[in-house]
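Quick note on labels: first sequence line is chain A, next is B, and so on, each numbered from 1.
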Amino acid sequence: MEYRIKELEAKWQNWWDQERTYAVPSDTQKPKFYVLDMFPYPSGAGLHVGHPLGYIASDIFARFKRMEGYNVLHPMGFDAFGLPAEQYAIQTGVHPAESTKENMTRYREQLRNLGFNYDWSREVNTSDPEYYRWTQWIFLKLFSHWYDQVAQKARPIHELVDQFETLGSVGTTACCGEEMVFSAAEWKGMSDVQKEDVLMNFRLAYRRVSFVNWCEELGTVLANDEVKDGFSERGGFPVERRPMLQWSLRITAYAERLLNDLDTLNWSDALKAMQRNWIGRSEGAKVTFPIQNTEQELEVFTTRPDTIFGVTFMVVAPEHDLISLLTTPEQKQAVNDYLHYVQSRSERDRLSDVKQMTGVFTGSYAKHPFTGKQIPIWTAEYVLKDYGSGAIMAVPSDDDRDRAFAEMANLPIIDIVDRSGWPDAKREDKVGRMMNSDFLNGLEVNAAIKKAIQALVDRGIGERKINYKLRDALFSRQRYWGEPFPIVYNDKGIPVPVSENELPVTLPPLDNFKPTSDGHSPLARSRDWVELDNGFVRETDTMPGYAGSSWYFLRYMDAQNQDAFASRSALDYWQDVDLYIGGTEHAVGHLMYARFWHKFLFDLGLLPTNEPFKKLINQGMIQGVIESIYLLKEKVNGQYLFRCAGLVEGDDLSQYIPIPVLIDYVREYGTDSSYLDVDSIRQFVDWRPEYKNAKFECAEGSIENGVFTPKTNGTGSKLFTHSEVGKMSKSKYNVINPDDVVGIYGADCFRMYEMFLGPIEQSKPWDTKGIDGVSKFLKRFWSLFANQDQWLVDETGQPDRDSLRILHQTIQRIRDDINRFSINTCISHFMICVNELKRLDCHHLAILEPLTLLIAPFAPHMAEEIWHRLGHESSVHHGLFPIVNEAFLVADEVVYPVSINGKRRAEITVPTETDAKTLEEQALQLPEIVKWMEGLSVRKLIIVPGRMINIVAG
RNA sequence: GCCGAAGUGGCGGAACUGGUAGACGCGCUGGACUCAAAAUCCAGUGUAAGCAAUUACGUGCGGGUUCGAGUCCCGCCUUCGGCACCA
C-alpha cells in the first residue's frame with residue numbers, strides 16, 4: 001500500500017481525460033464562476049517553473065469553487081503570435097506556424113503533467129485563423145465607429161457622416177485627434193480622399209504618422225526591447241526614430257470611463273493606482289499663442305494657467321508639425337543638428353535625463369497674449385509630441401524641468417508665486433499668492449487658476465481643458481507573425497474594409513521572413529497576396545501582440561462558435577471573469593487594452609458587462625539566478641581571457657562583458673560561491689566553441705584547453721561566477737523546467753511546494769531547498785490511511801473530540817485562507833493537522849474522508865486515489881467541500897499573556913468565560929507579576945478579551 | 001527620472017482588524033532504530049551573557065504617535081516589476 005506517485009498521477013490524469021472530469025457545460029442551473037489565467041506565449045524554451053505559480057493558485061481556487069457547487073469555467077489557451085517565433089523563422093527558416101504549433105504541444109503536455117483542471121475543449125489560439133477572424137472583425141468595428149463624448153459611447157461612422165452632411169463639424173460631440181472646423185457645404189465639396197482624411201480624425205481605429213525604431217544596418221524596424229542605449233542589441237548598430245504612416249486605436253476616447261470604472265473593480269489599490277497614473281488625467285487650460293510674423297498659432301496645454309505671467313519661453317517637441325515653419329534660416333543648421341541628435345534618443349532617455357537638459361532656439365517668437373511681450377520659442381527633447389499638444393509654455397519659476405532648462409539656456413525667470421506662507425512647499429505645489437501677475441496679483445493659486453481661465457475664455461484665446469497622459473495605442477507592426485489587417489486600399493489610396501463574409505484574411509505562405517529593405521513588413525514580398533485583381537492593394541502591416549489578448553477571455557465562453565465571437569447566450573451566462581490571476585507586468589498594457597476593447601463591444605450592445613475582470617490578483621514572479629563569467633573585452637595576445645569573479649573585484653567592470661553560462665554547468669548554483677570547475681569549463685567550451693582556445697584565469701592558476709596550470713603554491717581551480725537574480729528566460733540560460741521537478745517529486749508535491757514558497761503576490765528566486773519537507777508531508781498524509789502492508793482506515797469507530805477539533809479547525813482555516821488567497825498558509829495548516837492526527841494516531845473514516853475532500857484542490861492526484869480507495873466511484877473533484885461545525889471549535893480554556901508596560905512577563909490560563917474583573921485580580925497575583933511590580937504601582941490596566949492583559953505601571 | 005511593490009532567524013516564510021515576533025517547512029546539532037547507510041521517529045535551535053533559573057537586545061536605516069508598533073505617520077537606503085514595439 002505504498003504511495004507510488006508516478007503510477008497514480010499518470011493513472012488519474014488519464015482517467016480525468018477519459019471521464020471528461022473537467023468539461024464545463026454551459027447549459028446548467030448552477031451559478032457560474034469564471035477563473036482565468038493569463039495565457040502564455042508558447043516560447044521555444046517551454047514552460048518554466050515561474051509560469052505555474054499563478055496557474056496552481058487558480059487551479060486550486062477553481063477546484064474549490066466547483067466543490068462549493070459552482071459551474072466553474074477554467075480554460076487555457078495560447079497567445080501565439082509574437083516576435084520570438086518570427087526571429088526564429090528568420091534564423092532557421094522554420095515557419096512560425098510550425099514552431100508555434102510544436103511549442104504549444106509541449107506547453108500542453110507540461111500543463112497536463114501538473115494536473116490542472118482545464119477544459120481543453122475550449123482552448124484558444126490567437127494565431128488560428130478561426131480565432132483571428134474575430135480579432136479582425138472587432139478591428140473592423142473599431143474602424144467603422146467613432147466616439148460620442150456626450151452620449152459616452154461608440155457610434156457608427158455613418159451617423160457622423162450624416163451630421164457632417166447637415167451641420168458640418170459645428171457642434172460635433174465626437175472625440176477626435178485634432179480639431180477641425182468645416183461647414184456642411186465644405187464637407188460636401190470635399191473629394192473622397194479629403195473626406196476620408198477627415199474621417200480618420202474620428203475613427204476609433206485610424207491611421208496617423210507614428211515613429212518606429214529604424215536600424216539602417218539591419219534594415220529593419222526594432223522593438224523597444226531590441227534597442228539598448230540607442231543601439232541595436234544584436235550587432236550594436238545605431239537606431240533612429242523614423243516617422244511612418246501607421247494604424248492606431250483611439251483608446252483616449254475611453255480615458256474617462258477607464259478611469260472612473262476602476263472604482264467598481266475589486267483590484268489591489270496598487271494596481272488601480274498604476275492604471276490611474278497611466279491614464280494621467282489632469283485639469284487645466286488650452287492656450288493659444290500667436291507666432292510672430294506668421295498667421296499660425298501655437299497651442300499649448302497647461303495645468304497652471306495662473307502662471308501665465310511667468311512664461312519666459314516656449315518649447316515645442318522636436319517632432320512638432322510646426323517645427324520647420326518656426327525654424328528661421330539663421331537657426332536652421334542648429335535645429336537640424338538637434339533634430340538629428342533627438343532621432344537617436346529613445347523616449348525613455350528623453351524623459352529620464354533631467355539633469356542634463358538639451359534644446360535649441362528655433363529663431364521664432366510668440367507673442368504673450370496678455371503682456372504682448374516677445375517670447376522665444378525653443379525646441380527640446382523633454383517635450384513629447386504625443387503628450388498634450390506637443391508644446392508647452394515654460395514657467396521656470398514654478399516648474400522644475402522648465403527651471404533646469406532656463407538655467408541651462410540662460411533664459412529669464414520671473415517669480416510670480418509668493419510661497420513665503422508655505423515654507424515647506426515645493427516649486428510645483430499649487431499653493432501661494434500671485435505676484436507680478438497683473439490682474440491675478442494677490443489671489444491664491446486656486447482662485448487665480450479659475451480667474452486666468454475666465455480671462456482666456458473672454459479673450460477667445462483659451463479654454464478649460466482636461467488632458468490625459470494616456471496616448472492612443474499604436475496598432476501597426478511591420479512584421480509577418482501577427483493578424484493581417486482586413487483593409488485594402490483603392491486606387492486613390494483610400495482604405496476600404498474587407499467585407500465580413502471574406503474574413504478571415506489569412507497570412508500568405510512565405511519563406512523569407514526578413515522585412516523589406518524599406519522597412520515594410522515581410523508581407524509586402526508576397527505580391528500575389530498584396531495585389532488584388534481589381535487593382536486594390538492590401539495593408540501589409542500586421543496587428544501587435546496585444547490584439548489577440550484584448551478579447552480572448554470572451555472566446556473561452558464559446559470557443560467553437562462559427563457564427564460569432566461568442567453566442568449571446570454564452571455571454572449572458574458567463575458574463576465576466578470573476579477571478580483573474582496574472583503578473584503585474586501586465587498592469588498597464590494588456591489590462592488597459594482589454595478593458596478598452598470590452599467597453600467598446602459593450603457600447604455596441606454585444607456584451608452584457610461594462611468591465612471584463614471583476615477581481616484580479618497579481619502573482620509574483622519566480623525568478624532565476626543568472627550566472628555569468630567575466631570576459632575581458634580586449635583579447636590578450638589574440639586570445640579570449642575569462643577572469644574569475646573574485647579577481648575582477650575592484651576592476652573597472654566596463655572592460656568586461658558578462659557572458660551568461662548555462663546553469664547546468666555551474667557548481668553550487670545560486671549560492672554566493674557558485675563556480676565553474678575544470679569539468680564544467682570543458683562543458684562550457686563544448687557548448688560555446690568560439691571560446692575553445694580561451695584562457696580561464698582563477699585566483700590560484702589558470703585553465704587552458706581543459707588543463708589546469710596552478711600558480712606557485714596554488715591549488716584551487718574554481719572559476720567563480722557572477723550571480724544575479726533576474727527573469728527566468730531562454731536568453732539567460734537559466735530556465736528550470738517543471739517536468740524535471742515533477743519527475744522527482746510528483747505533480748502534487750510540486751504544486752504544494754510552489755504554493756508553500758510564500759504569498760502568490762511575492763516574487764522570489766527559484767530554489768528547491770525545502771521541497772523535501774512538502775514531499776515528507778505528503779507521505780505522512782498518506783500514512784494516515786495506509787502503511788507498507790495494510791489499509792489503516794477505521795470505518796466503524798467514533799472519533800474523539802480532539803480529532804474532531806483538529807479537523808474542523810483545519811476546515812475553517814483552509815476555507816478562510818483560500819478565500820483570501822493565502823495559499824501558502826493553507827499548506828502549513830495541512831501540515832499542522834497531519835502532525836496532530838499522527839500524534840493522536842487517528843485513523844477514523846469520519847476524520848479522514850472530509851480531510852481527503854479538503855486537500856483535493858491542492859493535491860488532486862493523491863486525493864483522487866485515496867477517494868477511490870475509500871470506495872467512491874465518482875471523482876473527488878465533484879465532491880462537496882467540507883463545512884465547519886463550530887461546535888467542535890470551542891475551547892474550554894484560554895491563555896492570556898500578561899505584560900507590564902508592553903513587555904510580556906507572565907502567562908495565565910483561565911476558563912474561557914472568565915470576566916475581566918476576575919482576570920485582573922488573578923493576573924496581579926501571579927508571582928512573576930508581583931515580583932516585577934515591586935516598587936511600582938498600577939496606573940492603568942488594559943484587558944483585550946481573548947487576547948492579552950497589559951499592566952501600565954510606574 | 002517617473003509610477004508601483006517588497007525588505008522579519010543560517011534560508012523560504014507566519015503573525016488577518018495595532019495586542020505573546022519567529023507558526024509551518026528547510027538547514028543545523030544531539031539522540032533512537034541499524035552491522036552500516038538511507039528512510040523514519042524523538043529532542044533542541046533568533047542573537048548575546050550565564051551551569052542554570054534568567055536577563056538584555058531584536059522585524060532594512062533614522063525619527064515620531066501609542067499603555068502597546070513587524071503592523072500607523074514622516075524622512076532615507078536597498079532590491080524587484082512597469083514606463084507605451086518582449087509577451
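- Counting any heavy atom pair closer than 4.0 Å across all strands shown, A:H590 reaches no nucleic acid atom.
- With both ends at atom C1', the span from B:G46 to B:U20 equals 16 Å, rounded to whole Å.
- Residue pairs that meet the side-chain hydrogen bond (donor to acceptor under 3.5 Å, both in side chains) test with at least one member in residues 543-552 of chain A, sequence neighbours left out, are A:Y131-A:W551, A:T135-A:W551, A:Y552-A:Y580.
- In this structure, A:W766 and A:Y753 have perpendicular ring planes: the angle between them is above 60°, well past the 30° mark.
- Protein chain A contacts RNA chain B over a range whose 5' and 3' limits, counting nucleotides with an atom under 4.0 angstrom from a non-hydrogen atom, are B:G1 to B:A87.
- Of all the residues in residues 895-904 of chain A, A:P897, A:K903, A:R904 reach under 4.0 Å from RNA chain B with at least one non-hydrogen atom.
- Side-chain atoms of A:Y107 come within 3.5 Å of backbone N or O of A:S43 as a donor-acceptor pair.
- With sequence neighbours excluded, the residues forming a side chain to side chain donor-acceptor pair (under 3.5 Å) with A:R471 are A:E347, listed by chain and number.
- Using atom C1' as the reference point in both B:G81 and B:G31, the two lie 48 Å apart (nearest Å).
- Within residues 768-779 of chain A, the residues that have a heavy atom under 4.0 Å from RNA chain B are, in order of number, A:K769, A:G770, A:G773, A:K776.
- Among the duplex regions that RNA chain B forms, those built from at least three successive Watson-Crick or G-U pairs under 3.5 Å are B:1-7 with B:77-83, B:10-12 with B:24-26, B:27-32 with B:40-45, B:46-49 with B:54-57, B:60-64 with B:72-76, ordered by first number.
- As judged by a 4.0 angstrom heavy-atom cut-off over every strand, A:P40 is placed among residues making no nucleic acid contact.
- Within 6.0 Å of atom CG in A:D269, 12 or fewer heavy atoms from other residues, nucleotides or ligands are found, so the atom counts as exposed in its surroundings.
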